[in-house]
K.L.:
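Here it is: the structure, laid out below.
To find a chain, count down the sequence lines: A is the first, B the second, and so on, and within it residues start at 1. All values below were derived from every heavy atom in this structure, side-chain atoms included, with hydrogens, water molecules and symmetry-related copies excluded.
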Number of protein chains: 2
Amino acid sequence: MSIVSEVSDSTKTRTRGADKRRQLMAAAARVLHQQGVERTTIADIAHAAGVPVGNVYYYFKTKDALVQAALAEHSGHLAELTGELDKLPSPLERLKALVGLWVGQRDVAARYGCPTGTLAVELDKRAEGGMDLEAGRVIRLLLDWVERQFRELGLSDPDNLALTLVGAYQGMSLLANALRDPEIMTREGSRLIRWLDSLPDDGTGHRNS
Amino acid sequence: MSIVSEVSDSTKTRTRGADKRRQLMAAAARVLHQQGVERTTIADIAHAAGVPVGNVYYYFKTKDALVQAALAEHSGHLAELTGELDKLPSPLERLKALVGLWVGQRDVAARYGCPTGTLAVELDKRAEGGMDLEAGRVIRLLLDWVERQFRELGLSDPDNLALTLVGAYQGMSLLANALRDPEIMTREGSRLIRWLDSLPDDGTGHRNS
DNA sequence: GTCTATATACAGATAGAC
DNA sequence: GTCTATCTGTATATAGAC
């Protein structure tokens, strides 16, 4: 009995610990997005995660570690998202669906901005150690995925096109947030869809211009 | 003598006071842009302005007042800038010159982002009192000026076009900053110039499509 | 108007009991 | 592994001397 119960306890404990860790990560991503890095205290995150305040340091040694955890969370969410989009048959549909997702998030964008974009702005100022580029790395992931779609479409300068599309997203998110106007997302989103539809495409998935 | 010297002293004092106030405003705009609102202390601004730390509160009652002063500074700088651009003969030249100015600032944008844009992101989180939209108001000024140019060009939906142009600027600034790559400003800037040149224009300043 | 010293408050992090 | 109490540092803001 002792061995069995020990193993069981150990497993249970490890599971619980991992759960709390994940809860803290999710809470960090959520609260840091809404309140910003500097205005958010460890206590805020602990409360949001339903974890006792003093216990946080067992899972994350510093506040910066929590910020990195939030970034990992965003990174994971992005991977999930592109994973879903990849199931769509054509690159053009995938890109248009991505824009649709952005517009679908217009209310949260107008209230808090793009999670990764605002985090990038804040971390640039935070600038202690060399973790300023961590947010940039997540944005790079999105940039690279978008570039891949443009390349599959056979378009020239897929990297510039990706810059334009992701830049438009960051720009419209920032404006929607600064002016507290979700309609900006809708209007710019429609334009981006039209723009994507207007791009040269011979229907075979290979470039024609 | 007493009256004359008193008036003179008073004038001198007022002038000196106004100077220090302006020095503090300029320093606030500069330092808040570089370090961010939350990471900047009153002492930082005082040092940058060459004003004794404890003296700051004579000119600005709170830190928020200094932030607003920095915003006023940006607003003034924008007015100066558009004032210069307004001297150019055609709206199209004015818009292209604006893009040129943005690209000219690529290094500071890649290092610290757009002064007003990053401030808007930070103030959105700060959100105490109702001063969250103050930065939005400055962005609105730019948006309105750009919209006026598009309207003079006789284009339809000048407000949407303004949103697209200013959004592109905010987006490329954020990406350049997040990835620490000034080249992004150059590449997107070139595209924007080409886009502006491609817009329908009958040469009379009135719409043609 | 100028500046020093300090009150107040709070957040990040740690020690150590359980 | 969990949690409480607390140390320490630092920033805003104020009181009051000059």
Side-chain angles (χ1 to χ4, degrees), chain A residues 5-25 27-28 31-32 34-70 122-123 125-129 131, chain B residues 5-25 27-28 31-32 34-70 122-123 125-129 131:
Chain A
S5 102
E6 268 169 42
V7 168
S8 173
D9 279 357
S10 159
T11 301
K12 212 161 106 188
T13 302
R14 262 190 281 114
T15 303
R16 275 233 202 89
D19 278 354
K20 282 203 178 177
R21 202 173 202 288
R22 265 184 233 114
Q23 281 166 21
L24 281 168
M25 286 182 70
V31 178
L32 288 176
Q34 295 174 352
Q35 307 191 344
V37 176
E38 305 295 340
R39 302 291 280 196
T40 297
T41 67
I42 308 255
D44 288 337
I45 296 173
H47 287 138
V51 169
V53 194
N55 197 6
V56 173
Y57 284 94
Y58 177 75
Y59 296 100
F60 298 95
K61 272 184 264 296
T62 66
K63 187 179 180 179
D64 279 344
L66 269 169
V67 173
Q68 271 185 296
E122 288 196 275
L123 293 188
K125 312 298 185 190
R126 203 168 167 84
E128 261 161 36
M131 103 162 194
Chain B
S5 102
E6 268 171 43
V7 168
S8 172
D9 278 359
S10 160
T11 301
K12 213 163 108 191
T13 302
R14 261 192 280 114
T15 303
R16 275 231 203 89
D19 277 357
K20 281 203 178 178
R21 197 168 206 289
R22 264 183 235 115
Q23 280 166 20
L24 281 168
M25 285 182 69
V31 178
L32 288 176
Q34 294 174 352
Q35 306 191 346
V37 177
E38 307 294 340
R39 302 292 279 196
T40 298
T41 68
I42 308 257
D44 288 336
I45 297 174
H47 287 139
V51 169
V53 193
N55 198 5
V56 173
Y57 283 94
Y58 177 76
Y59 296 98
F60 298 96
K61 273 184 264 296
T62 65
K63 185 179 180 178
D64 278 344
L66 268 169
V67 173
Q68 271 185 297
E122 288 196 275
L123 292 189
K125 313 298 186 193
R126 202 168 168 82
E128 260 159 36
M131 102 163 194

K.L.:
Grab the CD-P distance between A:Glu38 and D:dA11 for me, whole Å please.
P.N.:
12 Å
K.L.:
Return the value, rounded to whole Å, for the distance between atom CG of A:Leu24 and atom P of D:dC3.
P.N.:
12 Å
K.L.:
Whole Å only: how far is the CG atom of A:Asp64 from the C1' atom of C:dG12?
P.N.:
11 Å
K.L.:
Looking at C:dG12, D:dT2, C:dC3, which one has an atom nearest to any side-chain atom of A:Asn55?
P.N.:
D:dT2
K.L.:
Counting heavy atoms from C-beta on, name the nucleotide in C:dT2, D:dC3, C:dA13 closest to the side chain of A:Tyr57.
P.N.:
C:dA13
K.L.:
Is A:Leu66 close to A:Thr40 at the side-chain level, that is, under 4.5 Å between some pair of heavy atoms?
P.N.:
no
K.L.:
Counting C-beta onward and ignoring hydrogens, is there a side-chain heavy-atom pair between A:Asn55 and A:Lys20 closer than 4.5 Å?
P.N.:
yes
K.L.:
Counting only N and O atoms by type, is there a donor-acceptor contact under 3.5 Å from the side chain of A:Glu38 to the main-chain atoms of B:Glu38?
P.N.:
no
K.L.:
Taking the minimum atom-to-atom distance to the side chain of A:Lys20, which one of D:dG1, D:dC3, C:dT2 wins?
P.N.:
D:dC3
K.L.:
What is the distance from CG of A:Asp44 to C1' of C:dG12, rounded to the nearest Å?
P.N.:
13 Å
K.L.:
Assess A:Arg21 against A:Phe60: is NZ or CZ under 6.0 Å from the centre of the six-membered ring, and within 45 degrees of the ring's axis?
P.N.:
yes
K.L.:
Where the side chain of B:Tyr58 is defined as all heavy atoms beyond and including C-beta, which of C:dG1, D:dA11, C:dG12 is the nearest nucleotide?
P.N.:
C:dG1
K.L.:
Strictly below 4.0 Å: does B:Tyr59 bring a side-chain N or O up to OP1 or OP2 of C:dT2?
P.N.:
yes
K.L.:
Between atom CD1 in B:Ile45 and atom P in D:dA13, what is the gap in whole Å?
P.N.:
11 Å
K.L.:
Which whole-number value in Å describes the distance from A:Lys63 NZ to C:dA11 P?
P.N.:
9 Å
K.L.:
Hey, which of these two, A:Lys61 or A:Thr41, hits DNA chain C nearer its 5' end, going by closest nucleotide?
P.N.:
A:Thr41
K.L.:
In terms of side-chain geometry, is the basic nitrogen of A:Asp64 or A:Arg126 positioned less than 4.0 Å from the acidic oxygen of its partner?
P.N.:
yes
K.L.:
Which listed nucleotide (C:dA13, C:dT2, D:dC3) is nearest to the side chain of A:Thr62?
P.N.:
C:dA13
K.L.:
What is the distance, to the nearest angstrom, from the CZ atom on A:Phe60 to the C1' atom on D:dC3?
P.N.:
18 Å
K.L.:
Could you check B:Arg39 against A:Pro52 and say which one's nearest nucleotide on DNA chain D is further toward the 5' end?
P.N.:
A:Pro52
K.L.:
In whole angstrom, give the distance that lies between atom CD1 of A:Ile42 and atom C1' of D:dT4.
P.N.:
16 Å
